Participant: 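First the structure, then my questions, so here it is.
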Amino acid sequence: MKVSKQPTGYLMLKAKSNSEWDSCDFVIVEASKSWQNLMSKRLVLLQDFRNDAYFYSHAYWDAPSGYFIHGFEQQDSISFFLADQQCDWCFVELSGDELDALTAPENKLDAHQMCITGSGSMHYKAYGKYTGESFWTESIDIPSVLEKLKT
């Protein structure tokens, strides 16, 4: 897996956890045509709420392709991306069974949610099934991601 400057079918978002013993560095989102259409539809559905000064976000039962841990001892583009404080997401190139080979957190994650704000930003969150510990991603701006995927 490597970071791509060109749009691909996969997004990587930085992720974190409040666990004292388990970690999470990133999630992978398959940005398929159906995902893009779903995000567009969800943005349209939220239009009515944008005028409500007290509206913050809408939550969906939805999950990324997975939450993962990265070995920072590796000197690759993913390590540099995760260390970069200015970038919260990027496109990545995945080949073959690479997604299945990534290391997941030890927690069994449950109650997966996608939260979308009135401004069009979204993030994922999940909880350890037996620990209740939180796992979440950085926010991304859906309209800008969809625009980049069109090119």
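Fair warning: this is a prediction, and the values are worked out from it, not measured in the lab.
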Participant: Assert yes or no for the condition that the ring centre distance of F68 to H70 is strictly below 6.0 Å.
Facilitator: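 No.
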Participant: Quick one: does Y127's side chain get under 4.5 Å of L109's, heavy atoms only?
Facilitator: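 With C-beta onward as the side chain, the pair stays apart.
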Participant: Minimum heavy-atom separation for K125 and C115, please, with both atom names.
Facilitator: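 That closest heavy-atom pairing would be CE-SG, 3.6 Å.
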Participant: Taking the side chain as C-beta and beyond, is there a heavy-atom pair between L43 and L146 under 4.5 Å?
Facilitator: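 Heavy-atom side-chain distance check passes, below 4.5 Å.
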Participant: For N107 and T131, does a side-chain donor sit closer than 3.5 Å to a side-chain acceptor?
Facilitator: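 Looking only at side-chain atoms, T131 and N107 do form a donor-acceptor pair, the distance falling under 3.5 Å.
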Participant: Would you call Y67 and Y124 a side-chain contact if the rule is heavy atoms closer than 4.5 Å?
Facilitator: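 Yes - at least one pair of side-chain heavy atoms lies under 4.5 Å apart.
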Participant: Kindly determine whether T117 and Y56 satisfy side chain to side chain contact (heavy atoms under 4.5 Å, CB included), including the steps that lead there.
Facilitator: CA-CA 6 Å; T117 67; Y56 175 68; 4.0 Å; yes
Participant: Looking only at non-hydrogen atoms, find the nearest pair between E20 and E133 and report the distance.
Facilitator: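 E20 and E133 have their closest heavy atoms at N-OE2, 3.9 Å.
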Participant: Run Q6 and E93 through side chain to side chain contact (heavy atoms under 4.5 Å, CB included) and show every step you take.
Facilitator: CA-CA 9 Å; Q6 302 300 317; E93 296 175 6; over 6 Å; no
Participant: Going by the rule side chain to side chain donor-acceptor pair (under 3.5 Å), which residues pair with N18 if we only count those two or more places apart in sequence or in a different chain?
Facilitator: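 In terms of side chain to side chain donor-acceptor pair (under 3.5 Å), with neighbours along the sequence ignored, N18 is linked to no residue.
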Participant: Are V145 and V27 in one and the same hydrophobic cluster, where Ile, Leu, Val, Met, Phe, Trp and Tyr link if side-chain heavy atoms are under 4.5 Å apart?
Facilitator: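 Per the 4.5 Å side-chain linkage, V145 and V27 are co-clustered.
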Participant: Could you measure the distance from the SG atom of C90 to the CE atom of M12? Nearest 0.5 Å is fine.
Facilitator: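 Rounded to the nearest 0.5 Å, the SG-CE separation comes out at 4.0 Å.
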Participant: Count the heavy atoms belonging to other residues, nucleotides or ligands that lie under 6.0 Å from CD of Q47, then report whether that count exceeds 12.
Facilitator: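 Yes, the 6.0 Å shell around CD holds more than 12 heavy atoms from other groups.
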Participant: Report yes if the side chains of V3 and F91 come closer than 4.5 Å at any heavy-atom pair, otherwise no.
Facilitator: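 No, every pair of side-chain atoms sits at 4.5 Å or beyond.
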Participant: Would R42 and Y60 count as a cation-pi pair here, with the cationic atom under 6.0 angstrom from the ring centre and within 45° of the axis?
Facilitator: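 Yes, cation above the ring, under 6.0 Å and within 45°.
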Participant: Do L82 and Y10 belong together in a cluster built from hydrophobic side chains that touch within less than 4.5 Å?
Facilitator: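 Yes, L82 connects to Y10 through the hydrophobic network.
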Participant: Of all heavy-atom pairs between A59 and Q113, which one has the smallest distance, and what is that distance?
Facilitator: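 Residues A59 and Q113, closest heavy atoms: CB-OE1, 3.9 Å.
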Participant: Please determine, by modelled atom types, if T8 and S4 share a side-chain donor-acceptor pair under 3.5 angstrom.
Facilitator: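 No, S4 and T8 have no side-chain donor paired with an acceptor closer than 3.5 Å.
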Participant: Would you say S144 and D141 are linked by a side-chain donor-acceptor pair, where the criterion is simply a distance under 3.5 Å?
Facilitator: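 Yes, S144 and D141 have a side-chain donor paired with an acceptor closer than 3.5 Å.
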Participant: In the structure I gave you, are the side-chain heavy atoms of D22 and F135 within less than 4.5 Å of one another anywhere?
Facilitator: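 Yes. Closest side-chain heavy atoms under 4.5 Å.
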Participant: Take atom CG in D97; do more than 12 heavy atoms of anything else shown fall under 6.0 Å from it?
Facilitator: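 Open.
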Participant: Does a side-chain heavy-atom distance below 4.5 Å link F26 with L13?
Facilitator: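 SC-SC contact between F26 and L13 ruled out.
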Participant: Is W89 reachable from V29 through a run of I, L, V, M, F, W or Y residues, each pair having side-chain heavy atoms under 4.5 Å apart?
Facilitator: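 Yes, V29 connects to W89 through the hydrophobic network.
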Participant: Give me the atom names and distance for the closest heavy-atom approach of K148 to P7.
Facilitator: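 Distance-wise, the nearest heavy atoms are O-CG, 3.1 Å.
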Participant: Could you tell me the separation between the OG1 atom of T137 and the NE2 atom of H123, rounded to the nearest 0.5 Å?
Facilitator: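 If I round to the nearest 0.5 Å, the distance is 6.5 Å.
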Participant: Less than 4.5 Å apart, any side-chain heavy atom of P105 and any of C24?
Facilitator: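 Side chain of P105 against side chain of C24, heavy atoms only: contact under 4.5 Å found.
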Participant: Rounded to the nearest 0.5 Å, what's the gap from OG on S57 to CZ on F49? Could you check?
Facilitator: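 The OG atom of S57 sits 11.0 Å away from the CZ atom of F49.
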Participant: To the nearest 0.5 angstrom, please state how far the CG atom of L94 sits from the CG atom of L102.
Facilitator: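 Answer for the CG-CG pair, L94 versus L102, is 7.0 Å.
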Participant: Might you point out which heavy atoms bring L46 and H58 nearest each other, and give the distance in Å?
Facilitator: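 So the two residues come closest at CD2-CB, 3.5 Å.
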Participant: Between M39 and M114, does the side chain to side chain contact (heavy atoms under 4.5 Å, CB included) criterion hold? Intermediate values first, please.
Facilitator: CA-CA 11 Å; M39 293 301 100; M114 172 197 287; 3.4 Å; yes
Participant: To the nearest 0.5 Å, what is the distance between CD (E30) and CG (L11)?
Facilitator: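 Between E30 CD and L11 CG, I get 10.0 Å after rounding to 0.5 Å.
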Participant: Start with the C-alpha distance between L38 and D62, add both sets of side-chain angles, then the distance that settles side chain to side chain contact (heavy atoms under 4.5 Å, CB included), and finish with yes or no.
Facilitator: CA-CA 11 Å; L38 182 61; D62 199 343; 4.3 Å; yes
Participant: Hey, are the side chains of I140 and M122 touching, using non-hydrogen atoms and a 4.5 Å cut-off?
Facilitator: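 SC-SC contact between I140 and M122 confirmed.
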Participant: Group every Ile, Leu, Val, Met, Phe, Trp and Tyr by side-chain heavy-atom contacts under 4.5 Å, then state whether W35 and V92 land in the same group.
Facilitator: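 Different clusters: W35 never reaches V92 through Ile, Leu, Val, Met, Phe, Trp or Tyr contacts under 4.5 Å.
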Participant: Closest heavy-atom contact between A126 and H112?
Facilitator: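 Nearest heavy atoms, A126 then H112: CB-ND1, 3.5 Å.
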Participant: Which value, rounded to the nearest 0.5 Å, describes the distance between D88 atom CG and S121 atom OG?
Facilitator: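 Those atoms lie 11.0 Å apart.
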